[in-house]
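To start, the structure itself, in structure tokens.
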Amino acid sequence: MPALTPRYDKFTHRHLGPDATELSAMLDVVGVSSIDELMDQTVPANIRDHKALDVPAAVSEYYYLQHLKAIAAKNKVMRSFIGMGYYNTITPSVILRNVFCNPGWYTQYTPYQAEIAQGRLESLLNYQTMVSDLTGLPVANASLLDEGTAAAEAMTMFYGVRNKRPKGDPVATFLVSDQVLPQTIAVLRTRAEPLDIKIDVRPVEEFDFPQDEVFGMLLQYPGANGLVEDHRAVVEKAQAADVFTVVAADLLALTLLTPPGEWGADAVVGNSQRFGVPMGFGGPHAAYFATTDKYKRQIPGRIIGVSQDRHGNYALRMALQTREQHIRREKATSNICTAQALLANMAGFYATYHGAEGLKAIAKRTHHFTAIFADALTAAGYTLAGDAFFDTLHVEANPEKVAEIKARSQAEGYNFYYPKEGGVRISFDETVATTDLQAVCRIFAAPLDYQGANLTEDGGVEGITDRLPKALLRTTDFLTHPNFKNHRTETKMMRYLKRLENKDLSLCHSMIPLGSCTMKLNAATQLIPVSWSEFADIHPFAPIEQAQGYKQIFTELEQDLAEICGFSDCSLQPNSGASGEYAGLLVIRAYHHDRGDFHRDVAIIPESAHGTNPASAVMAGMKVVVVASDEAGNIDVDDLKKKVAEHKDNLSSLMITYPSTYGVFETGVVEICDIVHKAGGMVYMDGANMNAQVGLTSPGRIGADVCHLNLHKTFAIPHGGGGPGMGPICCNEKLAPFLPGHPMAETGGKKASSAVSAAPWGSASILLISYAYIRMLGSKGLRQASEYAILNANYIAKRIENSYTVLFQGVQGRSAHELIIDLRPLKSVMGAADLAKRLIDYGFHAPTLSWPVAGTVMIEPTESESQEELDRFCDALIAIREEADAVARGDVDAEDNVLMNAPHTITEISADEWTHAYSREKAAYPLSYLREGYKFWPSVARVDDGYGDRNFVCTCPPIEAYQ
């Protein structure tokens, strides 16, 4: 029977980089006859799984979209005026098209290489400036995960600051207003419990500050009930008692209201979702965090600052990087790794496009429609919670009336919020129309004569009076920088977006070979449905009956991820890898506590574990004990046995990354897990390196009890310039009862631990991407993705073996999906940073620098790169080694050479005067492929790594800096 031609429309053919011809050639270079032989040499036989995964059969891209359209139809998109931190919003089409749906923006990596990230660095600096201006505080970060997380980060930051001062027992009470959003309170309680922080929720008027008992307080502005209250008196009392003030604030409201920074807040946190980012049933959305200059070294997350390049020109870079958890590990101030950079960019561009007057007009119109509705309600005899409000009304009503209103609202196609304490809340937003106002009044049987009116010059409705307290009206300007004034037409905005995009290297240009970060293909078919209204426009607290399409996807995705991990259950709630680590440890903690083992609080963490693990363990209330690695990069089993024996009575867990961060499948992993289990501990596996496991082995097979999955790595969610991400956890039957619950939806285990994210299913909309990845690859494709990732890594190792030493290969000389090359022997002529900067001249992003081993780089090619691309990258590495050898031989100047001066900008290359000893061609076009369309020009030269506090700026600088 003749061989059948492979189906042309299989997604596997689109996802895997090497074709059949390249595969054969690559296997020859690696020195094996087949993929199976390579897997036998790489994955230990005792954990190798040859059984096909029990996931649905692969479908083509076309049929997948038809399948998903049918699922999307099960979602009922109603008009949701629920509020509670999430709002309908209008994404300007120029931003939707050119940012949200543009791989030039969503496939970038975190801007650690500043020279090829000036575009998104400027965009994120715009975002920081927007937040700083609106909150009235000088320092803001480049986003966090959600409002609940941001509030929890503020709480723990000030807990640490306060308790560094006195000796003795810690000051451990955190006061929380009863008007803080319930999901935020839930996340606060989760974060507080392992750290022995007491959360005291009460009305603000009942706040008091006993000496050395309270370290901080959290206020909501406006409150959950919509009221705008003057908190200046309680803030003054707090300041007098040495108590920190955190305010969760609505950014749109701050365009009209006095910013908390002006009335004494030490930190202001919140969500930027309503600045043009769809609700997406919970995310992703960029949270913000602003504070005073005094706490800039404690603020969690990333900060973008102003520096200069080696020519003294203006340049941007990530600042204060010494706080990174990979460096500080268990001493890190937080475990934040993934931010929400793509969504922060969108929110920042929303502000850039609208400007201060545009945002105020949106806020004014929203507020005036709320005022019209308030007048109609009071005229109909309803009682409101108060007279001062922004966009939310709390309507008093007895249970019978509430039920009547709810029935009518459902029939009319509207969702409101029904708090547990009774009544009804309605929150308007920028999408509210006259027809909505009329419909909502019908629902409440409140007569309304309003048929539409002209808007005033500032965006309000003619004849309507503001209902904001005069004492709290904003008097200070904001968004005064030219970046927020110069891009009002779509032509200008489109060009600005493209100008910034062109400064950044993304997967559109070349491979991004970052170890442990898996920058693989983010297929367009996987991403298209994220913007569909059926998924984008559903409120996270809408009744689940209206989200049956989402529910089906959650159920199927949970089953598939559990199957892939060799476990029984899954939670989709954690909205980042670090959040997943934390959630996994909390589940283990809950398991021990349920058994009465409250003393089990020791987490053993190998040196080879992922960098955020120690910080996550500390956040989960655990003491960290480090286990050494042997010379091959494996866990030192003898040291493990010693540490387990020493701590067996208090052992909570082992945290292990597998394959290890050194890129090795450790042969003793089953024994390692068994040692921990026999001592009463549980095994948490960090899923950062699952791209080498799927279909070949699994966390369950090696003996782990719980793992998290970086969906923005293995399962194809784009990194978005530093986020979004998702970090679901999968676990066995022992831990399943303790999976996290949520106060706003039924989810989690029978003995659910408390919420780790503000939304019940985290950043729900981007789960569609991983769902598509699994559906279109199927069992065979998923396994092949792992196989080709391992093949590509070993191909690189073979291609460069005569130029560099590869560290930590397995017992048969094989790498997993990533490899580490040692640059320490070259340190006299070329360091890791020099290699990184010179790679830019060759058109590539740098690998991971000096981590997990100082003086090395870690490379992960992924399965999506072809042999052609891998060869270009290897040719670049080999050529750079030859450049280093030329320095070592004395053939070129030790200081004035292409390595020390890299990267080279087009401005420098085209300058009238050329002062270097080497040629312009050697600097810019060292290999021939660069003349064939692969050249990427950095917009700045090497950025000053000596950046410090001397010239620290984290908001947009004066316009002169751009000139």
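Excluded from the calculations below are hydrogen atoms, water molecules and symmetry mates; all remaining heavy atoms, backbone and side chain alike, are included. If you read the sequence from its start, that first residue is 1, and numbering goes on from there.
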Determine yes or no for a side-chain-to-main-chain donor-acceptor pair under 3.5 angstrom, with [X] supplying the side chain and [Y] the backbone.
X: Asp309; Y: Ala941; result: yes
X: Lys485; Y: Thr352; result: no
X: Thr905; Y: Glu908; result: yes
X: Thr110; Y: Tyr112; result: no
X: Ser660; Y: Thr657; result: no
X: Asn98; Y: Leu497; result: no
X: Asn897; Y: Ala894; result: yes
X: Asn522; Y: Ala716; result: yes
X: Gln108; Y: Gly720; result: no
X: Thr805; Y: Asp822; result: no

Which pair of heavy atoms, one from [X] and one from [Y], lies closest together, and at what distance?
X: Ala142; Y: Ala344; result: O-CB, 4.1 Å
X: Glu607; Y: Ser629; result: OE1-N, 3.2 Å
X: Gly119; Y: Lys503; result: N-CB, 3.6 Å
X: Asn691; Y: Ala789; result: ND2-CB, 3.7 Å
X: Arg488; Y: Tyr353; result: CD-O, 3.0 Å
X: Met830; Y: Leu835; result: CG-N, 4.0 Å

Mind checking whether [X] and [Y] have side chains closer than 4.5 Å, heavy atoms only?
X: Arg872; Y: Glu865; value: no
X: Ile769; Y: Pro718; value: yes
X: Val898; Y: Asp841; value: no
X: Leu791; Y: Leu23; value: yes
X: Leu500; Y: Phe349; value: yes
X: Tyr350; Y: Pro92; value: yes
X: Val829; Y: Leu899; value: no
X: Ser516; Y: Thr848; value: no

Item to complete: Go through the steps for Asn313 and Val940 under the test side-chain contact (heavy atoms from CB on, under 4.5 Å), then give the verdict.
Response: CA-CA 8 Å; Asn313 297 321; Val940 298; 5.9 Å; no

Discussion item. For the residue pair Glu122 / Tyr496, report whether a side-chain donor-acceptor contact shorter than 3.5 Å exists.
Written reply: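 Side-chain D/A pair, Tyr496 to Glu122: present.
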
Practice prompt. May I ask you to check whether Tyr795 and Gln867 show a side-chain donor-acceptor distance below 3.5 Å?
Written response: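 Their side chains do contain a donor-acceptor pair, which is all the 3.5 Å distance test asks for.
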
Salt bridge [X]-[Y], side-chain N to carboxylate O under 4.0 Å:
X: Glu921; Y: Arg931; value: yes
X: Asp834; Y: Arg942; value: yes
X: Lys713; Y: Glu860; value: no
X: Arg317; Y: Glu115; value: no
X: Lys296; Y: Asp293; value: yes

Can you tell me how far the [atom1] atom of [X] sits from the [atom2] atom of [Y], to the nearest 0.5 Å?
X: Leu121; Y: Asp504; atom1: CG; atom2: CG; value: 7.0 Å
X: Ile512; Y: Leu507; atom1: CD1; atom2: CG; value: 4.0 Å
X: Leu16; Y: Leu521; atom1: CG; atom2: CG; value: 9.5 Å
X: Thr915; Y: Asp896; atom1: OG1; atom2: CG; value: 6.5 Å
X: His845; Y: Tyr109; atom1: NE2; atom2: OH; value: 7.5 Å
X: Thr518; Y: Asn710; atom1: OG1; atom2: CG; value: 8.0 Å

Practice prompt. Could you go through the side-chain contact (heavy atoms from CB on, under 4.5 Å) check for Gln308 and Tyr314 one step at a time?
Written response: CA-CA 5 Å; Gln308 60 185 19; Tyr314 168 84; over 6 Å; no

Item to complete: Test side chain to side chain donor-acceptor pair (under 3.5 Å) on Tyr929 and Glu868 and set out the steps.
Response: CA-CA 11 Å; Tyr929 73 79; Glu868 181 184 20; over 6 Å; no

Item to complete: Would you mind telling me which of His509, Arg838, Glu869 makes a side-chain contact (heavy atoms from CB on, under 4.5 Å) with Phe844?
Response: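 Testing each of His509, Arg838, Glu869 against Phe844, the sole residue satisfying side-chain contact (heavy atoms from CB on, under 4.5 Å) is Glu869.
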
Worksheet item: Applying the side-chain contact (heavy atoms from CB on, under 4.5 Å) test to Glu863, which of Gln784, Lys520, Glu787 qualifies?
Response: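 The residue from Gln784, Lys520, Glu787 that satisfies side-chain contact (heavy atoms from CB on, under 4.5 Å) with Glu863 turns out to be Lys520.
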
Discussion item. Quick check on the 6.0 Å ring-centre criterion: do Tyr773 and His15 meet it?
Written reply: yes

Worksheet item: Can you check side-chain contact (heavy atoms from CB on, under 4.5 Å) on Val131 and Asn141, steps first, answer last?
Response: CA-CA 9 Å; Val131 170; Asn141 68 16; over 6 Å; no

Is it the case that over 12 heavy atoms from other parts of the model lie below 6.0 angstrom from the [atom1] atom of [X]?
X: Glu932; atom1: CD; result: yes
X: Arg310; atom1: CZ; result: yes
X: Arg920; atom1: CZ; result: yes

Discussion item. I'd like to know whether Ser123 forms a side chain to side chain donor-acceptor pair (under 3.5 Å) with Asn345, so could you lay out the CA-CA distance, the side-chain angles of the two residues, the decisive distance to 0.1 Å, and finally the verdict.
Written reply: CA-CA 6 Å; Ser123 172; Asn345 287 332; 2.7 Å; yes

Worksheet entry | Lys837 and Asn901: CA distance, side-chain angles, deciding distance, side chain to side chain donor-acceptor pair (under 3.5 Å) verdict | CA-CA 8 Å; Lys837 305 311 178 188; Asn901 294 329; over 6 Å; no

Practice prompt. Apply the test side-chain contact (heavy atoms from CB on, under 4.5 Å) to residues Val664 and Ser815: give CA-CA distance (whole Å), side-chain angles for both, the deciding distance (0.1 Å), then the verdict.
Written response: CA-CA 6 Å; Val664 175; Ser815 300; over 6 Å; no

Worksheet entry | Geometric class of the His904/Trp914 ring pair [parallel <30°, tilted 30-60°, perpendicular >60°] | tilted

